[in-house]
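Presented below is the structure to which this report refers.
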Protein chains: 2
Amino acid sequence: MNIVVIGGGASGLTTASNIRKYNKDVQIIVFTTQKNVAYSPCAIPYVIGGHIDSFDDIIMHKPEEYMSKDIRIMTESRVTEIDHDNTEITYEDKDGNKQNIKYDKLVIATGGKPLMPPIPGKDLEGVFKVRTIEDGEEILAYSEKSKNVVLVGGGAIGLELGSELAHKGLNVTIAEMMPQLFPRSFDKEMSDKFQEHLQGKNIKILTGSAVESINGETKVESVTIDGEVQPADMVILSTGVRPQTELAESIGCELGKFAIKVNSHMETSVENVYAVGDCVEVIDAITGQITLSPLGTTAVRQGIILAKHLTGHEIEFKPVLNSTVSQIGIMEMGAVGITQQSAQKEGIDVVVSNIDTLSRARYYPGSKPLHIKLISKLDGTIIGCQMFGQEAVAERVDTMTAIMSQKLKCDEVVSMVIDPIAQAAANCLEQIEAIESEINSSCCEVKEESTDAEEDKPVDDTSENLSFTESLRAQGLIQK
Amino acid sequence: MNIVVIGGGASGLTTASNIRKYNKDVQIIVFTTQKNVAYSPCAIPYVIGGHIDSFDDIIMHKPEEYMSKDIRIMTESRVTEIDHDNTEITYEDKDGNKQNIKYDKLVIATGGKPLMPPIPGKDLEGVFKVRTIEDGEEILAYSEKSKNVVLVGGGAIGLELGSELAHKGLNVTIAEMMPQLFPRSFDKEMSDKFQEHLQGKNIKILTGSAVESINGETKVESVTIDGEVQPADMVILSTGVRPQTELAESIGCELGKFAIKVNSHMETSVENVYAVGDCVEVIDAITGQITLSPLGTTAVRQGIILAKHLTGHEIEFKPVLNSTVSQIGIMEMGAVGITQQSAQKEGIDVVVSNIDTLSRARYYPGSKPLHIKLISKLDGTIIGCQMFGQEAVAERVDTMTAIMSQKLKCDEVVSMVIDPIAQAAANCLEQIEAIESEINSSCCEVKEESTDAEEDKPVDDTSENLSFTESLRAQGLIQK
């Protein structure tokens, strides 16, 4: 059997190496347009900033290592066409030669493509995207001769890279169109707090700001932001990625709301064609809605599940919690689940705990500030957590991922963990209990009222409850 | 209603303050023999070692703060007798005056008492125990004029205090009778590893070593360990605690295997009498066996549950996982669940992963060594985790506590967390899969055999499986 994998990122390689783990006989061939495989794209900013010595350090495995496990890796090779009727793909190697190869099973792991916002001047010399090691190498080289850099987009990559370039001594401007940084993972009051920590030290952060044009003759000379021209030698676009679905579409794989549609075994709508990684859409564990989850953890999980499926070990891919962590200067940020803002959009009533605490027992030396926001449904189920601090945030995100994957409630968390997370859970719990006692006392009042007025005014329980919920909301007891 | 709480430790005070949270009217009075309440006993070693400035820093709340919440705290007062027929206790205040007080509900939170091993010379001047702030103050004062100190007992407190005293420049000997350090929470190969890290720097560690006598005229002059006399100015007994159950016994509260027996609402066998904290026994979540859990987390959880019970909010106290963390010099140690050794005693077949890894992605600077031992049942359920390293061990213990409380399996953990814990889980999973494929291939063989010999030799499946398990064990595939 021949298995062809298109894409050498986390999902494609995990699929390939896990298939080999369970089956020594199938042929496996992986195509990638890049020179390198098995590197950590999340680490690119830290090589640029000099915290990691070289790009070689972030490559976990060389293609040769896969070869030795009998997995063929075709680097710098682009799959240009799929002929599914003849179960054959066409690829172009780095010298432009075209060849065909047959498959029995086809794995589409084409990942995401940087979103290129339609800003005038985006094709000038000195404008970069950040996706591959090659991108990283170009940015590193160009930054050596630059003074002023503008990053378009204030998500994780924009902030990480901005902080690293500022660390190198460049004047950094980060421009985010939304009214806050990191909007996918954090609510505004949290991002406002860390924005304050990030400002200064060669970094200017502009939120709610549009980059109107990138200006220059042949290369970047300045940037117009909110009508104001400011000097710039280089511009880095970190405005996110969009799923790369063209090849899948070309053979009729059904797309969903955002990307390739797959079932819980990573099967597309086309027989013997599978898809994993940033090019597929997933279900959000909290809202049940279709969403994207362009994260390494999701890609790895999908690769494992597909490999098991292809070798006869069935486990299901479950809805995702989208846990994310980021190191920005000395600050660690992490989030899991949904934001309060998303809960609001989904119509979920929540209580929220926002605590500014310390990373260790307060008396213990070396303790560092830690900010936690916990979002809980009114039944106590925790649906979101946002944190930032200077140590062990990633480990706390893991704890919360385990807790939220099991739909644990605040009262269970209070006495389960030693961590300040327990304080935040206790705080949510107190609010819920206050609401409950308010409801109980109000129910009694309602009962009395309805007894008084029983005959002439039958009480509509639903509308009563509804307006009561509204009144709790007005009192600030529920947040929606 | 009058609620009398005997004991001002974590369990007693948590009970008192949580009762007040839910009920503003009941009378609450707490008796403690100590001068201080609401301090962190776990922090005492670090005050002695100078890492925390003073004992005042580890006191979270003063008695006055409880008074302001209408909780009476009677410090330096010993409850000497309970007359349950007349629902009355007798206590002796610090001036030796005896008084009685009536109760409707009685909470026994008498905690543990340091175990005093029957070593000749244990009553000499210069021999200390470590339990209260007063003990800490005495040790601190005496250590200022001492050069050589011997700690009897190599559990958490012994190691923490030993490391702190060495940090102050004293010559420290830690003598542990068992063949390893920290035997309750760690297996020998793990404790051997951290023993190596701890040795040196003014610390000598002796395992499998008995302190035969403490020698001196009126005060400690030397200690005889394994027949050898060595100089010592002070000796600290850190050989654990035993539950203090005398008062409960005096009114007929049923004792179990180790301590006061309570149900999941913290009720003793005597009506209107409850018990919480180190003086009660609990159920081990992994083995289902009765055990002790003298931990702050357990005490707090029991206090919350009892307070809820007494105010009409029922939740149940569940079996414990005994998560424990300790900071010893720059080393953080943590464990949760049971050791491999305990699994062996319980007859549980396990696979074990022992990995020496790094606390962060290997390319990332500042990464520190991290040692993880994971113990999994053959169905993949994780039943034990032991770790030591230099950062974020406590947070990882929380993650594992959440995972193990939900009886999650290795395959779920592999793709749930970002942490090196996932590596260890993957490693266990590989072993389990190897065993399964061994079983599968062997089952086929067995089938063929039994077909051949069907008539004259009926196969006893049980014994076949049994001997097969034995053969896996012999091959080192299963560890028991």
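Below, chains carry the letters A, B, ... as their sequence lines are ordered, and counting in each starts from 1.
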message: Tell me which of these, A:Thr401, A:Asp419, A:Val325, has more heavy-atom pairs under 4.5 Å with chain B than the rest.
response: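 When all of A:Thr401, A:Asp419, A:Val325 are compared, A:Asp419 has the most.
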
message: Taking every non-hydrogen pair under 4.5 Å, which of A:Asp57, A:Asp53, A:Val300 racks up the most with chain B?
response: A:Asp57

field: From CA spacing to verdict: side chain to side chain contact (heavy atoms under 4.5 Å, CB included), B:Ile304, A:Val414
entry: CA-CA 10 Å; B:Ile304 292 172; A:Val414 166; 3.8 Å; yes

field: B:Thr399 to A:Ala402 - nearest heavy-atom pair and separation
entry: O-CB, 4.4 Å

Chain B contact residues among residues 41-50 of chain A, heavy-atom distance under 4.5 Å: A:Ala43, A:Tyr46

task: Considering only heavy atoms, give the residues of residues 405-413 of chain A separated from chain B by less than 4.5 Å, sorted numerically, with 'none' for an empty result.
output: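 A:Ser405, A:Gln406, A:Leu408, A:Asp411, A:Glu412, listed by number.
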
What part of [X] is in contact with chain A, defined as an atom under 4.5 angstrom from a non-hydrogen atom: side chain, backbone, both or neither?
X	result
B:Ile58	both
B:Thr298	neither
B:Leu295	neither

statement: Residues of residues 311-318 of chain B with a heavy atom under 4.5 Å from any heavy atom of chain A, in residue-number order, are B:Ile315, B:Lys318

- prompt: Residue by residue, which of residues 385-396 of chain B have a heavy atom closer than 4.5 Å to a heavy atom belonging to chain A?
  reply: B:Ala392, B:Glu395, B:Arg396

- request: Output the distance between atom CG (A:Asp398) and atom CG (B:Asp398), rounded to the nearest 0.5 Å.
  value: 11.5 Å

message: Under a 4.5 Å cutoff for heavy-atom pairs, which residue among B:Lys21, B:Met400, B:Arg360 has the most contacts with chain A?
response: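 Sorted descending by pairs with chain A, the first entry is B:Lys21.
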
